[in-house]
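Everything below concerns the one structure shown next.
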Amino acid sequence: MKLASWNVNSLNVRLPQVLEWLETAQPDVLGLQETKLIDEKFPTEAIREVGYEVAFSGQKTYNGVAVLARAPLEEIALDIPGFEDPQRRVLAATIDGLRFINLYVPNGKAVGTDKYDYKLAWLAHLRDWLRDEVDRHERVAVVGDFNIAPADADVHDPAEWQEQILCSTPERDALAAILELGFTDTFRRFDHPEGTFSWWDYRMNNFKRNRGLRIDLILTSPALTAALEQSVVDAAPRGWERPSDHAPVIAEFRAV
């Protein structure tokens with residue numbers, strides 16, 4: 001089983017890349033973030049033509065999430081229960097007994113702003129919900145653009161980013177609290193070259209200079225972690241023409 005996550009930064013722009021990547025990478029389930037499409041504009045038929053069922057939740061210009069899967073999607077949820085939020089950032093579905101939770105975590109803009117406070121509140125409510133999800137489901141994968149670099153090893157220049165947005169202690173503590181529910185950051189189960197990132201700002205030639213952050217994660221419950229065989233970042237699409245600023249991340253598992 002192969003699970004993947006990709007912030008595409010506009011599916012309207014990146015649809016050809018997504019279709020090409022699906023054909024070559026062949027994930028069983030893919031979570032997309034920042035689709036930036038209203039539901040009426042979602043390219044359902046194009047995705048079904050390459051063999052995937054799809055569920056989506058979008059809004060114009062901003063945010064938007066989708067889950068693509070080779071098997072039917074059931075028990076779909078579009079919000080964090082008990083947290084009123086008009087922004088479309090969550091899509092969960094059950095697929096062949098796997099609870100797949102796809103997230104576009106708020107960016108937070110800057111430490112100390114209202115948007116930063118919203119991000120921390122969002123993460124606290126997320127943790128409460130995920131606690132219930134792991135009680136209900138044995139196999140849980142939480143994927144997405146977390147907009148948090150878990151540790152300094154996930155940052156091209158830790159001194160430059162120290163206590164800045166995406167790297168501040170409260171954000172990292174909020175992510176650690178989610179991991180304490182029993183989740184594993186699949187990427188960190190394996191050795192990877194230093195400087196492996198999933199996001200590079202478009203500005204200042206940052207991709208070619210490898211000035212990036214690892215903020216796109218796949219977290220798994222113990223039953224899935226026990227079957228984990230590989231977890232990687234596929235940086236190739238970041239070098240394509242008109243790329244997203246994020247690369248797909250992948251985790252592969254033996255049958256469980």
>> The test is side-chain contact (heavy atoms from CB on, under 4.5 Å); show your working for Trp129 and Glu133 and say whether it passes.
In response: CA-CA 6 Å; Trp129 176 42; Glu133 290 292 283; 3.5 Å; yes
> Does the pair Asp132 and Arg127 meet the rule for a salt bridge (charged side-chain N to carboxylate O under 4.0 Å, His left out), with working shown?
Replying inline: CA-CA 9 Å; Asp132 294 339; Arg127 184 188 185 278; over 6 Å; no
> Hey, mind stepping through Arg172 and Asp152 against salt bridge (charged side-chain N to carboxylate O under 4.0 Å, His left out) and telling me if it holds?
Replying inline: CA-CA 10 Å; Arg172 287 177 168 174; Asp152 284 353; 3.1 Å; yes
>> Go through it in stages, so that I can follow the logic: the residues are Glu138 and Ser221, the test is side-chain hydrogen bond (donor to acceptor under 3.5 Å, both in side chains), and I'd like the CA-CA distance, side-chain angles, deciding distance and then a yes or no.
In response: CA-CA 7 Å; Glu138 183 178 18; Ser221 63; over 6 Å; no
> Could you go step by step and tell me if Gln33 and Ser5 meet the side-chain hydrogen bond (donor to acceptor under 3.5 Å, both in side chains) rule?
Replying inline: CA-CA 8 Å; Gln33 305 89 41; Ser5 175; 3.0 Å; yes
> Passes side-chain contact (heavy atoms from CB on, under 4.5 Å), His137 versus Glu75? Steps please.
Replying inline: CA-CA 12 Å; His137 303 276; Glu75 295 184 85; 4.0 Å; yes
>> Pair Arg139, Phe253 - check side-chain contact (heavy atoms from CB on, under 4.5 Å), show working.
In response: CA-CA 12 Å; Arg139 300 194 303 154; Phe253 307 82; over 6 Å; no
>> Test side-chain contact (heavy atoms from CB on, under 4.5 Å) on Phe183 and Leu130; report intermediate values, then the result.
In response: CA-CA 10 Å; Phe183 289 106; Leu130 293 180; 4.2 Å; yes
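Remark: the Ser168 side chain and the Tyr116 side chain contain an N/O donor-acceptor pair separated by less than 3.5 Å. Counting only N and O atoms by type, the side chains of His156 and Trp161 include a donor and acceptor under 3.5 Å apart. For the residue pair Trp200 and Asp245, no side-chain donor N or O sits within less than 3.5 Å of a side-chain acceptor on the partner. No donor-acceptor contact under 3.5 angstrom links the side chains of Thr186 and Thr220, judged on distance only. In this model, a donor atom of one side chain and an acceptor atom of the other lie less than 3.5 Å apart for Arg99 and Thr94.
The minimum heavy-atom distance between Ala247 and Trp6, with the atom names listed, is C-CD1, 3.8 Å. When all heavy atoms of Leu22 and Pro27 are compared, the pair lying nearest together is CD2-CG, 3.8 Å. Contact detail for Val90 and Leu103: the closest heavy-atom pair is CG2-CD2, 4.1 Å. Heavy-atom minimum distance, Phe100 versus Ala4: CZ-O, 3.9 Å. The two residues Leu37 and Pro43 make their nearest non-hydrogen contact at CD1-CD, 3.9 Å. Minimum heavy-atom separation, Asn210 to Gly195: ND2-O, 2.9 Å.
One finds no salt bridge joining Arg70 and Glu53 here, because no Lys/Arg side-chain nitrogen approaches an Asp/Glu carboxylate oxygen to under 4.0 Å. Lys60 has no carboxylate O lying under 4.0 Å from a charged side-chain N of Glu40, or vice versa, which leaves the two without a salt bridge. A salt bridge does not link Asp39 with Arg88: none of the charged nitrogens is closer than 4.0 Å to a carboxylate oxygen. A salt bridge does not link Arg188 to Asp185: none of the charged side-chain nitrogens sits closer than 4.0 Å to a carboxylate oxygen.
Taken together through direct or relayed side-chain contacts under 4.5 Å among Ile, Leu, Val, Met, Phe, Trp and Tyr, Val67 and Ile76 form part of one hydrophobic cluster. Linking ILVMFWY residues whenever their side-chain heavy atoms come closer than 4.5 Å, directly or via other members, leaves Tyr62 and Trp122 in distinct clusters. Residues Ile47 and Leu73 do not share a hydrophobic cluster, defined by chaining ILVMFWY side chains whose heavy atoms lie under 4.5 Å apart. Ile250 and Phe146 are not part of a single hydrophobic cluster, where members link through side-chain heavy atoms under 4.5 Å apart. Leu3 and Val232 sit in two unconnected hydrophobic clusters of ILVMFWY residues. Membership requires side-chain heavy atoms under 4.5 Å apart, directly or through other members.
For the pair Val155 and Glu160, the minimum side-chain heavy-atom distance is 4.5 Å or more. Side-chain contact between His246 and Arg238: absent, with no pair of heavy atoms (C-beta onward) separated by less than 4.5 Å. Side-chain contact between Leu166 and Asn107 is present, with at least one heavy-atom pair separated by less than 4.5 Å. Residues Pro237 and Pro248 form a side-chain contact, since some pair of their non-hydrogen atoms from C-beta on lies under 4.5 Å apart. When side chains are defined from C-beta on, Val105 does not count as touching Ile215, because their heavy atoms never get closer than 4.5 Å. In this structure the side chain of Ile178 reaches within 4.5 angstrom of the side chain of Leu219, judged on heavy atoms. Residues Gln87 and Gln59 meet the side-chain proximity criterion, which asks for heavy atoms closer than 4.5 Å. Using a 4.5 Å cut-off on side-chain heavy atoms (C-beta onward), Leu91 and Leu78 make contact.
Of the inter-residue distances, the one linking Lys119 atom NZ with Leu126 atom CG reads 12.0 Å to the nearest 0.5 angstrom. Considering CG of Asp28 and CG of Asp96, their distance stands at 9.0 Å, rounded to 0.5 Å. Taking OG of Ser57 as the reference point, atom CG of Asn63 lies at 9.5 Å (rounded to 0.5 Å). Atom CD1 of Ile148 is separated from atom CG of Leu217 by 8.0 Å, given to the nearest 0.5 angstrom.
In the displayed structure, Asp157 atom CG is contacted under 6.0 Å by more than 12 heavy atoms of other residues, nucleotides or ligands. Within 6.0 Å of atom CZ in Phe83, more than 12 heavy atoms from other residues, nucleotides or ligands are found, so the atom counts as buried in its surroundings. The neighbour count for Glu84 CD, taken as heavy atoms of other residues, nucleotides or ligands under 6.0 Å away, does not exceed 12.
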Quiz: residues 10-19 side-chain donor-acceptor pairs under 3.5 angstrom, not counting sequence neighbours:
unit_1	atom_1	unit_2	atom_2	d
Ser10	OG	Val13	N	3.3
Arg14	NE	Val8	O	3.0
Arg14	NH1	Arg242	O	2.8
Arg14	NH1	Pro243	O	3.3
Arg14	NH2	Asn9	O	2.5
Gln17	NE2	Glu241	O	2.6
Gln17	NE2	Arg242	O	3.0

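A donor-acceptor pair under 3.5 Å links the side-chain atoms of Asn102 to the main chain of Leu32, judged by distance alone. With hydrogens and angles disregarded, a donor-acceptor distance shorter than 3.5 Å links the side chain of Asp145 to the backbone of Asn147. At least one donor-acceptor pair under 3.5 Å links the side chain of Lys2 to the backbone N or O of Ala25. Counting only distance, with no hydrogens or angles, the side chain of Arg89 and the backbone of Glu34 share no donor-acceptor pair below 3.5 Å. Not a single donor-acceptor pair under 3.5 Å links the side chain of Arg214 to the backbone N or O of Trp199.
Remark: Phe197 pairs with no residue by the ring pair (Phe, Tyr, Trp, His ring centres under 6.0 Å) rule, at least two apart or across chains. The salt bridge (Lys or Arg N to Asp or Glu O under 4.0 Å) check on Asp201 picks up Arg203, with sequence neighbours excluded.
The aromatic rings of Phe187 and His192 lie parallel to each other, their planes meeting at an angle below 30°, with 60° marking the opposite boundary.
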